[in-house]
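The basis for the numbers below is simple: all heavy atoms, side chains too, and nothing from hydrogens, waters or symmetry mates.
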Amino acid sequence: MLYKKFPIGLSDFQKLVEGDYLFADKTLMIKEIMDDSSTVVVITRPRRFGKTLNLSMLYYFFGQNHSDHKNLFEGLNISEDAEFCKEHQQQYPVIFISFKDIKETNYKHAYAGIKELISALYGEHRYLLEGDLLGEDEKNKFTALLNEEANLTHVKTAIQKLSSYMRKKFKKSPIILIDEYDTPIQEAYLHNYYDKMIGLMRGIFGKTLKDNKNLDKAVVTGITRIAQESLFSGLNNVTVYSLLQEEYGQYFGLTEEEVLKLLAQSKQTASIEKIKEWYNGYVVGQYTLYNPWSIINCLDNNKELQPYWVNTASNGLIAQLLSEAKPKVKQQLEELLQGNIIDQPISENLVFADIKTSPEALWSLLLYAGYLKVLSSEFRDYALMAKLAIPNKEVGFVYDRIVAGWFSRAISLNSYDKFVKSLADGDIDQFKNYLSEYIIQTGSYFEFNSKTSEQIFHVFILGLVVGLRDYYTIHSNQESGLGRFDVIFIPKDKNKNGILLEFKTSASIELLLERAQEALEQIKDRKYIEVFKQHGVGAVLAIGLAFFGKQVELVHETISVCEN
């Protein structure tokens with residue numbers, strides 16, 4: 001028997017329904033949009049969470065020119081409200097534009113891309129040129145935009161003008177749908193033409209959304225909420241719904257009920273607990289959500305658990321910001337990598353200019369982009385404080401890659417492979433040589449000096465050993481025996497030795513060896529080896545390391561677990 005297909009990469013609602021694909025019914029969102037008292041509704045969610053598909057759904061439901069698609073919504077949840085459908089379905093002119101593909105490395109190409117987008121939009125509504133609906137000057141401007149020959153002023157007012165033409169044509173104000181509004185802005189920040197782009201987008205959105213008498217309602221989606229004072233200046237009819245608000249929470253991402261339903265519909269048996277560990281964890285109010293892109297790909301690939309979402313786009317901006325972050329941020333990152341929760345202030349308005357100088361802005365971006373989740377939040381000391389954690393195993397891979405990337409420019413792949421092998425094989429001399437070399441080569445990322453804390457070395461070591469994750473389960477800063485160890489490696493092959501690293505900082509170069517010996521003695525005195533007994537590991541390579549700036553010393557001993 002053939003079962004329905006999975007809609008990999010499909011964001012057109014008509015094709016989704018008519019192509020007989022498996023999907024979660026989110027159509028009740030349509031009613032909530034119309035019930036929302038705000039004229040402009042801005043909804044921010046991570047990428048690949050169904051934003052474009054949901055706007056496409058609104059486009060087909062409201063659009064007057066979709067009379068031949070009236071049956072698209074038959075049998076879906078919204079069709080049960082016959083009165084609402086009679087009042088609103090296919091009753092509006094609709095403008096739909098998506099900025100999701102404006103990802104250029106310079107302003108010239110980005111501006112050209114936006115002109116091309118507007119040309120396509122005007123091409124969709126070229127019927128407005130027919131007859132005498134528009135005056136000669138309006139037709140000239142329309143044609144210039146259609147041919148990508150319009151000046152900057154006309155580009156900025158293009159959507160606003162189109163809405164006035166459509167009101168004139170249909171005697172009714174249009175609904176405006178703007179998808180991924182902030183993609184050009186994020187790319188501009190990453191490639192150093194932010195000021196020009198923010199000026200352009202402020203002009204477009206200001207003209208389109210502020211005091212536009214030809215606007216019935218607008219729905220705008222994006223990943224981040226750009227500060228109103230820099231983008232939606234003077235807009236007083238807008239409500240923004242981020243991951244911190246419960247409204248619309250169930251419409252972006254998949255609930256567990258929807259995941260179970262997709263499993264049943266696809267006739268697949270899979271461990272929901274494993275799927276939850278990998279792809280669940282996004283919290284919006286009462287809703288805990290799964291990443292829809294990852295779920296669909298996982299089911300389409302015979303339930304193979306692997307990172308799908310993290311491979312769909314560049315993590316360049318996130319990687320750059322974390323690599324340039326201050327030591328305190330790197331310490332907090334180390335906490336997150338170990339599955340711990342950190343308490344940080346979060347801003348609902350993101351000011352890109354502050355990201356490199358304000359940890360609050362950085363953590364906010366990581367949250368809204370889907371790299372963190374909020375467990376709880378409260379206003380404290382005039383700030384919104386949130387308890388943050390990594391959402392799931394898949395996102396954990398992103399941080400692994402980012403931290404590993406801190407070393408990639410300074411370390412050749414061949415050299416790195418030898419380093420990893422030296423630790424796994426217990427070749428301590430080689431391990432020490434590579435470690436000393438890497439501290440010198442990559443020190444700029446960690447600002448190593450005589451006052452560098454042990455937590456920074458934690459992050460440094462955890463980044464270096466990412467390549468061992470296929471062969472070891474790595475834990476850091478957890479309880480065992482009579483205290484808390486620094487880093488342990490539990491081998492997946494129980495015939496292999498375990499590895500335990502304990503760190504100390506030294507007050508001088510002369511005391512390095514003494515401090516390294518203290519670290520080794522601490523491993524034995526506090527019985528950190530106990531944790532390996534639970535995993536059936538026979539012996540452990542215990543290494544005490546001491547650091548003073550960019551200098552390192554170590555001592556080691558192989559300890560039989562059964563003797564402890």
My understanding is that only residues two or more places apart in sequence, or in another chain, count here; which of them pass ring pair (Phe, Tyr, Trp, His ring centres under 6.0 Å) with Phe49? Tyr282

Sequence neighbours excluded, which residues qualify as side chain to side chain donor-acceptor pair (under 3.5 Å) partners of Asp179? Thr52, Ser98, Thr221

Tyr371 (side chain) donor-acceptor with Ile318 (main chain) under 3.5 angstrom: no

With side chains defined as the heavy atoms from C-beta onward, is the minimum distance between Leu513 and Leu554 less than 4.5 Å? no

Would you call the rings of Phe397 and Trp278 parallel, tilted or perpendicular if under 30° counts as parallel and over 60° as perpendicular? parallel

Would the distance check show the side chain of Asn497 and the main-chain N or O of Thr558 forming a donor-acceptor pair, the cut-off being under 3.5 Å? no

Under the salt bridge (Lys or Arg N to Asp or Glu O under 4.0 Å) rule, collect the residues that match up with Lys100, sequence neighbours excluded. none

With the side chain counted from C-beta on, respond yes when Glu256 and Tyr290 share a heavy-atom pair under 4.5 Å apart, and no when they do not. yes

With side chains defined as the heavy atoms from C-beta onward, is the minimum distance between Lys373 and Leu388 less than 4.5 Å? no

Ion pair check, Glu518 and Arg515, cut-off under 4.0 Å: yes

Contact summary for Gly498 and Pro491, nearest pair of heavy atoms: CA-CD, 3.7 Å

For Ser347, all residues meeting side chain to side chain donor-acceptor pair (under 3.5 Å), sequence neighbours excluded: none

Under the side chain to side chain contact (heavy atoms under 4.5 Å, CB included) test, residues paired with Thr105 that sit two or more places apart: His191

Tell me, please, which residues at least two apart from Ile509 pass side chain to side chain contact (heavy atoms under 4.5 Å, CB included). Leu512, Phe548, Gln551

What residues, two or more places apart in sequence or in another chain, satisfy side chain to side chain contact (heavy atoms under 4.5 Å, CB included) together with Glu104? His109, Ala110, Tyr193

Test side chain to side chain contact (heavy atoms under 4.5 Å, CB included) on Leu520 and Ile543; report intermediate values, then the result. CA-CA 6 Å; Leu520 181 60; Ile543 305 175; over 6 Å; no

Any donor-acceptor pair under 3.5 Å linking the side chain of Lys51 with the backbone of Arg45? yes

Give a yes or no on whether the ring-centroid distance for Tyr21 and Phe6 is below 6.0 angstrom. no

Main chain of Glu394, side chain of Asn392: is a donor-acceptor contact present, judged purely on distance under 3.5 Å? yes

Candidate pair Thr183 and Gln186, rule side chain to side chain donor-acceptor pair (under 3.5 Å), full reasoning: CA-CA 5 Å; Thr183 295; Gln186 287 202 39; over 6 Å; no

Just to verify, what does Glu257 make a salt bridge (Lys or Arg N to Asp or Glu O under 4.0 Å) with, not counting sequence neighbours? none

Report yes or no: does Gln430 contribute a side-chain atom to a donor-acceptor pair with the main-chain N or O of Phe419 at less than 3.5 Å? no

At their closest point, which heavy atom of Leu541 faces which heavy atom of Gly426, and how far apart are they? CD2-CA, 3.8 Å

Roughly how far, to the nearest 0.5 Å, is CZ of Arg225 from CG of Leu243? 12.5 Å

Got Met385 and Ile346 here, is their nearest side-chain heavy-atom distance under 4.5 Å? no

Would you compute the distance between atom OH of Tyr528 and atom CG of Asp486 and round it to the nearest 0.5 angstrom? 7.0 Å

Test item: Asp182 side-chain N/O and Thr224 main-chain N/O as donor-acceptor pair under 3.5 Å: yes

My understanding is that only residues two or more places apart in sequence, or in another chain, count here; which of them pass side chain to side chain donor-acceptor pair (under 3.5 Å) with Asp525? none

Which heavy atom of Ala516 sits nearest a heavy atom of Val555, and at what distance? O-CG2, 3.4 Å

My understanding is that only residues two or more places apart in sequence, or in another chain, count here; which of them pass side chain to side chain contact (heavy atoms under 4.5 Å, CB included) with Ser358? Asp354, Glu360, Ala361

Closest non-hydrogen contact found for Tyr107 with Lys196 is CD1-CB, 3.6 Å

In chain order, what residues pass the side chain to side chain donor-acceptor pair (under 3.5 Å) check against Ser508, with sequence neighbours excluded? Glu510

Which heavy atom of Ile355 sits nearest a heavy atom of Leu362, and at what distance? O-CB, 4.0 Å

For the side chain of Asn301 and the backbone of Lys303, is there at least one donor-acceptor N/O pair under 3.5 Å apart? no

Strictly below 4.0 Å, N to O, side chains only: are Lys527 and Glu530 in salt-bridge contact? no

Any side-chain heavy atom of Leu53 sitting closer than 4.5 Å to one from Phe23? no

Roughly how far apart are Cys298 SG and Ile275 CD1, rounded to 0.5 Å? 5.0 Å

Please list, chain by chain and in numerical order, all residues satisfying salt bridge (Lys or Arg N to Asp or Glu O under 4.0 Å) with Lys504, sequence neighbours excluded. none

Distance col, row Thr255:OG1 vs Gln250:CD, nearest 0.5 angstrom, shows 8.5 Å

Ring-face cation contact, Trp293 with Arg47, 6.0 Å cut, 45° max: no

Is the closest basic N to carboxylate O distance between Asp425 and Lys496 below 4.0 Å? no

Given the rule in the side chain to side chain contact (heavy atoms under 4.5 Å, CB included) test, do Leu333 and Tyr399 qualify, once you have shown the distances and angles that lead to the verdict? CA-CA 9 Å; Leu333 176 60; Tyr399 291 104; 3.5 Å; yes

Do any N or O atoms from the side chain of Asp300 and from the backbone of Ile296 form a donor-acceptor pair under 3.5 angstrom? no

Can you tell me if Gln245 uses its side chain to pair, donor with acceptor, with the backbone of Ser242 under 3.5 Å? yes

OH of Tyr308 to CG of Asn297: how many Å apart, nearest 0.5 Å? 6.5 Å

Shortest non-hydrogen pair, Ala424 vs Leu468, comes out as CB-CD2, 4.2 Å

List the steps and the verdict of side chain to side chain contact (heavy atoms under 4.5 Å, CB included) for Tyr189 and Leu321. CA-CA 11 Å; Tyr189 180 82; Leu321 293 171; 4.2 Å; yes

Side chain to side chain contact (heavy atoms under 4.5 Å, CB included) assessment of Val284 paired with Leu289: CA-CA 8 Å; Val284 184; Leu289 303 166; 4.0 Å; yes

Verify, without hydrogens or angle tests, whether Asn291 (side chain) and Ser294 (backbone) share a donor-acceptor contact under 3.5 angstrom. yes

Quick one, Leu500 and Phe489 - any side-chain contact, counting heavy atoms below 4.5 Å? no

Supply the atom-to-atom distance Glu348 CD to Ser377 OG, rounded to the nearest 0.5 angstrom. 8.5 Å

Could you walk me through whether Lys524 and Glu557 pass the salt bridge (Lys or Arg N to Asp or Glu O under 4.0 Å) check? CA-CA 10 Å; Lys524 294 187 285 187; Glu557 183 178 333; 2.9 Å; yes

